[in-house]
Amino acid sequence: MSVFAILDPAVRLAHDVVAALAQVVPTALAIVLFTVCVRLALHPLARAAARGEKARARLAPRIAELNRKHKGRPEKLQASLAELYREEKASPFAGCLPMLVQIPFFSVMYRLFTTPNDLLGHTLFGAPLGLHVGSAHGAGEWVVFAVLYAGLAALGYVNFRRARRAQAKQAAQAPQSAQGQGAQAQPALAFLPYLSFGTVLFAALVPLAAAVYLLTTSTWTAAERAWLYRDGAPEPAVPALA
């Protein structure tokens with residue numbers, strides 16, 4: 001039995017909701033609407049994550065001082081950091097919540113669009129939603145895939161630029177000692193922004209319906225980050241993948 005089988009009840013629910021929407025709008029649009037509704041429900045977690053990032057940026061000087069003060073005493077450092085976060089009502093893990101919660105949703109959508117079902121028989125501008133790019137034939141189907149991939153690539157570039165700026169800002173604001181340590185890890189950190197283009201590569205491996213979902217959720221993520229960090233507050237250096 002596949003490990004994804006545990007998601008079958010959620011997959012059936014997602015299928016029923018999308019199928020119900022597809023009774024009144026085209027199936028591809030139903031996928032978009034369903035994805036937007038789920039992301040809207042997750043938005044409070046994204047807001048909490050943004051508050052956590054801003055709190056960490058505000059506390060960075062005090063955290064650096066605690067690192068200096070308790071150097072070589074990890075137990076004391078952890079206790080002091082926990083006390084600091086408790087006093088400021090902040091969490092070092094808040095930024096991980098949206099990503100962690102999205103993983104089950106992503107898995108459900110992946111199984112929904114990679115398991116044969118009636119939704120995949122519908123079309124988007126003549127291209128079947130269950131079609132893989134490798135099986136496309138005819139100019140019409142190639143154009144549909146090309147437009148979707150171009151949209152994902154454009155979003156990847158936007159996220160790439162934002163991640164690069166976030167890295168540069170964090171490096172400029174880091175204490176001198178931290179900059180020295182960061183320089184040792186620079187090759188790995190420099191690669192992180194390029195993960196923004198991973199969505200394009202993944203879209204090439206899944207059916208058209210999944211690519212529609214990826215474009216929708218990636219667009220939401222990019223717009224959400226732009227809105228939440230519109231005041232110029234430091235953003236996470238990890239790129240928005242979806």
Side-chain angles (χ1 to χ4, degrees), residues 28-61 88-110 145-174 182 188-204 206 209-242:
L29 181 56
I31 294 171
V32 171
L33 293 176
F34 178 69
T35 303
V36 168
C37 288
V38 173
R39 292 304 306 268
L40 185 61
L42 296 178
H43 181 65
L45 291 178
R47 293 180 67 88
R51 287 195 297 270
E53 291 292 341
K54 294 173 183 179
R56 280 194 291 276
R58 187 181 71 253
L59 298 175
E88 297 293 331
K89 295 181 173 58
S91 170
F93 307 110
C96 302
L97 284 176
M99 181 178 65
L100 293 177
V101 174
Q102 283 183 58
I103 290 175
F105 175 58
F106 177 84
S107 301
V108 167
M109 299 301 280
Y110 173 81
F145 278 105
V147 170
L148 285 175
Y149 294 162
L152 287 169
L155 288 169
Y157 180 72
V158 170
N159 292 330
F160 170 79
R161 292 289 301 275
R162 295 178 74 92
R164 287 287 294 268
R165 286 198 298 268
Q167 279 191 349
K169 185 177 293 186
Q170 288 185 8
Q173 294 175 347
L189 294 176
F191 175 76
L192 281 179
Y194 291 94
L195 294 178
S196 302
F197 298 103
T199 308
V200 184
L201 299 177
F202 186 77
V206 295
V212 172
Y213 156 71
L214 287 171
L215 180 60
T216 304
T217 193
S218 298
T219 301
W220 179 281
T221 298
E224 187 176 62
R225 279 199 172 190
W227 171 257
L228 291 176
Y229 297 97
R230 64 191 183 281
D231 55 0
E235 296 185 45
V238 177
L241 300 180

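All residue numbers in this chain count up from 1 along the given sequence. These numbers were taken from a predicted model, which means no experiment stands behind them.
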State, to 0.1 Å, how close I31 and A209 come at their nearest heavy-atom pair, and which atoms those are. CD1-CB, 3.9 Å
In terms of heavy-atom contacts, S196 and F160 come closest through OG-N, 3.4 Å
Chi angles and distances behind the side-chain contact (heavy atoms from CB on, under 4.5 Å) call for R39, T219: CA-CA 11 Å; R39 292 304 306 268; T219 301; over 6 Å; no
Within the 4.5 Å heavy-atom criterion, are L228 and H43 side-chain neighbours or not? yes
Derivation of the side-chain contact (heavy atoms from CB on, under 4.5 Å) call for T199 and L215: CA-CA 9 Å; T199 308; L215 180 60; over 6 Å; no
Apply side-chain contact (heavy atoms from CB on, under 4.5 Å) to the pair T35 and M109, showing each step before the final yes or no. CA-CA 9 Å; T35 303; M109 299 301 280; 4.0 Å; yes
Restricting to non-hydrogen atoms, name the atom on S218 and the atom on L152 that form the minimum distance, rounded to 0.1 Å. OG-CD2, 4.1 Å
If you look at every heavy atom in Y149 and A203, which pair is closest and at what distance? OH-O, 3.4 Å
Hey, which of F197, Y213, F106 is the one that makes ring-ring contact (aromatic ring centres under 6.0 Å, His included) with F202? F106
Between the side chain of R162 and the main-chain N/O of N159, is any donor-acceptor distance below 3.5 Å? no
Smallest separation among heavy atoms of V36 and W220, with atom names: CG1-CZ3, 3.8 Å
